Amino acid sequence: MKIKFLWMAAIAFMMFSCHQTQSTNSEEAAHEHETEAVESEHEHEKIQYTVYSEQFELFAEADAMVIGEPAEVLAHFTHLDNFKPLESGKVTATLQVGGKTLSQTLDEPLRTGIYSFYLEPETAGEGTLRFDIETGNERFEITVDDVDVFAGEAELHGHHDHGEEATPVNATVFTKEQSWKIDFATALPEKEAFGPVIKTAAKIEPARGEEEIIAAKASGLVVFTDNELVEGKNVASGQKLFSISSSEMAENNFAVQLAEAKSNYETNKANYERKSELVKDRLVSEQEVLNAKNDYETSKAVYENLSKNFNTSGQMVRSKMSGFVKQIFVSNGQYAAAGQPLVSITQNNKLLLTAQVQQKYLQLLPSVVSANITTLHDHQTYPLEDLNGRIISFGKSATDNSYLFPVSLEIANHAGFVPGTFVEVYLKTLTNSEALTIPNSALLEEQGIYSVFVQVTPETFEKREIKIGGSDGLKTEVISGLTADQRIVTRGAMQVKLAHSTGGLDAHSGHVH
């Protein structure tokens, strides 16, 4: 019995010792894990800098700078003219704090557009971080102000106790690598004069003097000189287009008329020359010579006119201007009467746009100063100034068969506008009031609700609902939901929206550090 008690006591002691050992190991493991987590959190903690110069956007992710510790600065350089990466060039990063300077030069990027610097500061305080870019024969400079360098870990943690600006809940990440692969851009909203806009439709017609209609000068059968003469074909000034033949007609036969004119011309010429000799010997009077001269000059004019425009085959129809065939009114072998239109030739260098405006906008018409024009086939919008256009006039009264008022615009045909088609026109009026405007390409619409993507950082964007006013086809007025200092996505908003729909927010998505 005593042996059994001792055996049970030994087992109990062993279990207690094992429990104590496991408890101690668990506490040590938990402490080590916590320490690793803190160190890992500090190791991956990044400070972001965003600076815009005239030529570049700089987006840098940097380790917190502490004296004696190397800090990585991952700098992304983007050209602002096309929002594409800096592909090559030498870049020098210079950290200046308290009069001391530390720099590193890289001859090429880590990856396209991305340069990775390692700086180990020696002085604590607030300084500047300058990037000098050398690409080709050009030199650029970008400076980041208010860069903090800490004396130690304690000061660093005390600084972050104040907290940082929170990332919006509905934000999404769209990395620089992603934006560089698409048509992407950001910009600030503009504060500019923006008055009432009249949206309407306009018909395109050739401008005055840009089109010619050629008519038959005599009756006859139309014969095409060029069998490839079709609508749209280019023609030169003086080029033969048709002949009008009357050789098989009993009346108004060109061959007979030409032969008669030639005979009259030759007879009157000989008569005039003969009497000019006889008057010297006073065998004829001067009056007879004058009559003979008059008959000669008249028959000469008739013959030259007929021989110029007609031959034995008939009338030759030529183009009087260079351009292209807009419309052919006759077919080969058709009878055409004198004065009947045969073909229209147009140059299309200048076009006339006639817009029809409702009566409720009548008081705004005197203040119309410009316009934006949108084609219906490809939905491209062109400012009137880009087409060397001008406002010609606006109607002062409505016509008998319409209650609309015409507004006439003239443009140079630089964008492939086609006469006879229609375009959308946004008539812009002069105003003294200012409005906040954004490009139409920045707008996203869902069931009548409009939104834009506001840039939090160059890789983080917040979807923001806004209220809009009028639009001139290129820009839209923002009534509320946006301020002038908030940069927005102006191109590529749909791709950011697709990234937003995934719902993931990873501050380092897409990077390989």
Side-chain angles (χ1 to χ4, degrees), residues 201-259 261 301-355 373 375-377 387-389 392 406 408-423:
K203 185 177 182 180
I204 304 176
E205 299 174 318
R208 305 293 183 260
E210 292 289 309
E211 183 172 337
E212 174 195 37
I213 296 179
I214 302 175
K217 296 181 179 180
S219 301
L221 300 178
V222 177
V223 179
F224 279 60
T225 305
D226 183 0
N227 291 329
E228 296 182 356
L229 185 67
V230 293
E231 294 177 354
K233 184 175 182 179
N234 292 328
V235 295
S237 177
Q239 180 178 333
K240 297 179 181 179
L241 304 177
F242 311 100
S243 66
I244 299 180
S245 174
S246 60
S247 58
E248 298 181 0
M249 302 178 63
E251 297 180 358
N252 299 323
N253 191 302
F254 295 144
V256 174
Q257 293 178 10
L258 186 59
V302 171
Y303 173 68
E304 289 180 348
N305 178 61
L306 289 174
S307 60
K308 180 180 179 181
N309 296 287
F310 303 89
N311 55 29
T312 55
S313 300
Q315 173 193 352
M316 295 303 300
V317 180
R318 303 174 184 270
S319 175
K320 297 181 180 179
M321 61 189 295
S322 297
F324 67 90
V325 178
K326 177 183 177 182
Q327 188 174 1
I328 300 175
F329 302 104
V330 293
S331 57
N332 195 25
Q334 178 182 334
Y335 174 80
Q340 179 178 337
L342 302 175
V343 64
S344 62
I345 306 296
T346 184
Q347 292 181 325
N348 262 17
N349 293 327
K350 292 184 178 180
L351 299 173
L352 178 68
L353 274 60
T354 304
I373 302 165
T375 55
L376 298 179
H377 64 281
L387 299 173
N388 295 326
I392 299 177
S408 299
L409 305 85
E410 184 182 80
I411 63 172
N413 189 8
H414 294 322
F417 292 100
V418 180
T421 61
F422 287 84
V423 292

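Note that this is a predicted model, so its numbers are computed, not measured. The analysis underlying the following values was restricted to heavy atoms, covering all of them including side chains, and did not include hydrogens, waters or symmetry mates.
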Peer 1: Salt bridge or not between Lys326 and Glu231? Use side-chain N to carboxylate O under 4.0 Å.
Peer 2: no
Peer 1: Check whether any side-chain heavy atom of Gln340 sits under 4.5 Å from a side-chain heavy atom of Gln334, and report yes or no.
Peer 2: yes
Peer 1: Could you tell me if the side chain of Ile214 sits less than 4.5 Å from the side chain of Val317, heavy atoms only?
Peer 2: yes
Peer 1: Is there a side-chain contact between Leu387 and Phe417 (heavy atoms, below 4.5 Å)?
Peer 2: yes
Peer 1: If every non-hydrogen atom of Pro341 is compared with every non-hydrogen atom of Ile213, which pair is closest and at what distance?
Peer 2: CB-CG2, 3.9 Å
Peer 1: Should Val423 and Leu353 count as side-chain neighbours, where that means a heavy-atom distance under 4.5 Å?
Peer 2: yes
Peer 1: Are Glu205 and Pro419 side-chain neighbours, meaning at least one heavy-atom pair lies under 4.5 Å?
Peer 2: no
Peer 1: Verify side-chain contact (heavy atoms from CB on, under 4.5 Å) between Phe224 and Asn332, making sure each step is shown before the conclusion.
Peer 2: CA-CA 6 Å; Phe224 279 60; Asn332 195 25; 3.5 Å; yes
Peer 1: If you define the side chain from C-beta out and look only at heavy atoms, does anything of Ser344 sit under 4.5 Å from Glu212?
Peer 2: no
Peer 1: If you take all heavy atoms of Ile328 and Val325, which pair is closest and at what distance?
Peer 2: CG1-CG1, 3.6 Å
Peer 1: How many angstroms lie between CG in Leu352 and CD in Glu410, if you round to the nearest 0.5 Å?
Peer 2: 7.5 Å
Peer 1: Mind checking whether Val235 and Leu241 have side chains closer than 4.5 Å, heavy atoms only?
Peer 2: yes
Peer 1: Tell me if a side-chain donor or acceptor on Ser319 pairs with a main-chain N or O of Ser237 at a distance below 3.5 Å.
Peer 2: no
Peer 1: Is any side-chain heavy atom of Phe324 closer than 4.5 Å to a side-chain heavy atom of Asn234?
Peer 2: yes
Peer 1: Okay, side chain of Asn413, backbone of Leu351: is any donor-acceptor separation there less than 3.5 Å?
Peer 2: no
